[in-house]
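Read the structure below first, then the notes.
Naming convention: chains lettered A, B, ... in sequence-line order (proteins, then strands); numbering from 1 in each chain. Both backbone and side-chain heavy atoms feed into the values below; hydrogens, waters and symmetry mates do not.
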Number of protein chains: 2
Amino acid sequence: MDARRKAGDAMLAIMSAPAVINGDVPLSDRVPLSPDLPRHDVEQLCLERGLRMTPQRHAIVRVLSEADDHPSVEQVYQRALAYNQQICLATVYRTIRIFEQKGILQSRDFGTGRARYEPLDHEHHHLVDVDTGDVVEFSIAAHEHLLRAIAEDLGFQVVSLRLEIFGKRYGFQRNSAGEADGL
Amino acid sequence: MDARRKAGDAMLAIMSAPAVINGDVPLSDRVPLSPDLPRHDVEQLCLERGLRMTPQRHAIVRVLSEADDHPSVEQVYQRALAYNQQICLATVYRTIRIFEQKGILQSRDFGTGRARYEPLDHEHHHLVDVDTGDVVEFSIAAHEHLLRAIAEDLGFQVVSLRLEIFGKRYGFQRNSAGEADGL
DNA sequence: GTATATGCAAACTATTTGCTGCCAC
DNA sequence: GTGGCAGCAAATAGTTTGCATATAC
């Protein structure tokens, strides 16, 4: 999640493969996002926000901490099962919803119909390859300041940002079997 | 949809109330978005893209053209009924999906669990009030050039952009009945 | 001890699909 | 004429909820 490199002159930081941002939580339950949110790990955040750490939540937190993709609820469930058999899908849904409300997680919709999640411990955006579904994370510091300024102008305090670019790789084509063929 | 004004020094153009962007279409079916997309009206776009103009589609197109909010599928259906009783929800779903694939519409997820739609005839972004669900449209020309440059750097042609700011109005509070109280 | 969490199964909501007949081009 | 489009109803996918029990603090 943290392998960065420069690309072009846009202060661009590439971060990881496939990602999600703030989703379908009752909007006003969301916790405002501090521009300088400290980098607690997920479990510590849970404790700070008064959540009970059950074995199920340990498993879910571990899955989320270890994930460098952006798992769907179903994927979180499947992975959590490896750490704890005593867990059911409803619990994963409930837990994830609570995590979102507490500002621990963000959900994202990448156009697949399924919500996907990632820890809310750093702010970044997504470039989605429309042909393969691959997601590249990036961040642009200057850009975020601009957006905060815009919100301020309009009388709003920023709670969260969501920026996605959907694009086609130059030179991409599908082969006869419909599989992705890079250039 | 076109009442613009300046706000601050951010080259900001405020456009309308409540809005959605590119949604759950099989990603690779989306048509690349030209930076200089001409302002055809929706029906003309349909014809250009080889779609048959049935009475049902006339009704749907009319609803979409007239809407200055960002209706859900259900809302499009209800409004279209006023123009044509011979229409069913499945048709609205099918039509909207085709419109998305043809690059005529974009879908947006504002965190309510329901997709919402708007014509894709101008590019703009959304500031969502997390307390009330209100949506303000805005656009930032400089910003879009920046994002296109980023995508180019990474070897991608931009198909569509999605930018949402979720924010809280300064001074907003709920009254005892849970209704919104402006400052 | 008690408020919170959990499992299970049923309920819900939004969306998609199979099929048969129709109509825009 | 014919391929795309429509209606209808049934199916599906993802997510939520009621309720009785268990457990973290």
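Side-chain contact between B:L51 and B:I104: present, with at least one pair of heavy atoms (C-beta onward) separated by less than 4.5 Å. At a threshold of 4.5 Å between non-hydrogen side-chain atoms, the residues B:L127 and B:F138 count as touching.
Nucleotide C:dA5 holds its P atom 8 Å from the NZ atom of A:K102, rounded to whole Å. A straight line from CD1 of B:I96 to P of D:dC5 spans 15 Å, rounded to a whole angstrom. In this structure, the CD atom of A:Q85 is 12 Å from the P atom of C:dC8, given to the nearest Å. Here D:dG3 presents its C1' atom at 14 Å from CG of B:L51, a figure rounded to the nearest Å. Rounded to an integer number of Å, the gap from OH of B:Y77 to P of D:dG7 is 9 Å. Atom CE of B:M53 and atom C1' of D:dG3 are 18 Å apart (whole Å). Rounded to whole Å, atom P of C:dG7 lies 6 Å from atom CD1 of A:I87. B:I98 has its CD1 atom 16 Å from the P atom of C:dT15, to the nearest Å.
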Are B:V61 and B:M53 close enough, and set up right, to give a side chain to side chain contact (heavy atoms under 4.5 Å, CB included), and what steps lead you there?
CA-CA 10 Å; B:V61 162; B:M53 286 309 299; 4.1 Å; yes

Just do the salt bridge (charged side-chain N to carboxylate O under 4.0 Å, His left out) check on A:R148 and A:D153 with the steps written out, would you?
CA-CA 9 Å; A:R148 284 184 197 285; A:D153 275 344; over 6 Å; no

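OP1 or OP2 of D:dT17 sits under 4.0 Å from a side-chain N or O of A:R97. Look at A:T54 and you'll find a side-chain N or O under 4.0 angstrom from OP1 or OP2 of C:dT6. One finds a side-chain N or O of B:Y93 lying less than 4.0 angstrom from the OP1 or OP2 phosphate oxygen of C:dT15.
When heavy atoms are screened at a 4.0 angstrom cut-off, A:R57 is found touching the sugar-phosphate backbone but no base atom. At the heavy-atom level, B:Q86 lies under 4.0 Å from the strands shown only through sugar-phosphate atoms.
Between A:P55 and B:E74, it is A:P55 whose nearest contact on DNA chain C lies nearer the 5' terminus.
The backbone N or O of B:Q86 sits less than 3.5 Å from a side-chain atom of B:Q56, completing a donor-acceptor pair. No donor-acceptor distance shorter than 3.5 angstrom exists from the side chain of B:R162 to the backbone of A:R162, with no hydrogens or angles considered.
What you find for A:V76 and A:I96 is that their closest heavy atoms are CG2-CD1, 4.2 Å. Nearest heavy-atom pair, B:Q157 versus B:E152, reported as atom, atom and distance to 0.1 Å: CA-OE2, 4.5 Å.
Of the candidate nucleotides D:dA6, D:dT17, C:dT4, C:dT4 has the atom lying nearest to any side-chain atom of A:R52. With distances taken from any side-chain atom of A:Q56 to the nucleotides C:dA24, C:dT15, C:dG7, the minimum falls on C:dG7. Here the side chain of A:L89 is nearest to one of D:dG3, C:dT17, D:dT15, namely D:dT15.
Between the side chain of B:R94 and the base of D:dG7, a donor-acceptor pair under 3.5 Å is found.
Defining each end axis of the helix from C:dG1-D:dC25 to C:dC25-D:dG1 as the rotation carrying four pairs' C1' atoms onto the next four, with five pairs an end, the two axes are found to diverge by 50° to 10 degrees.
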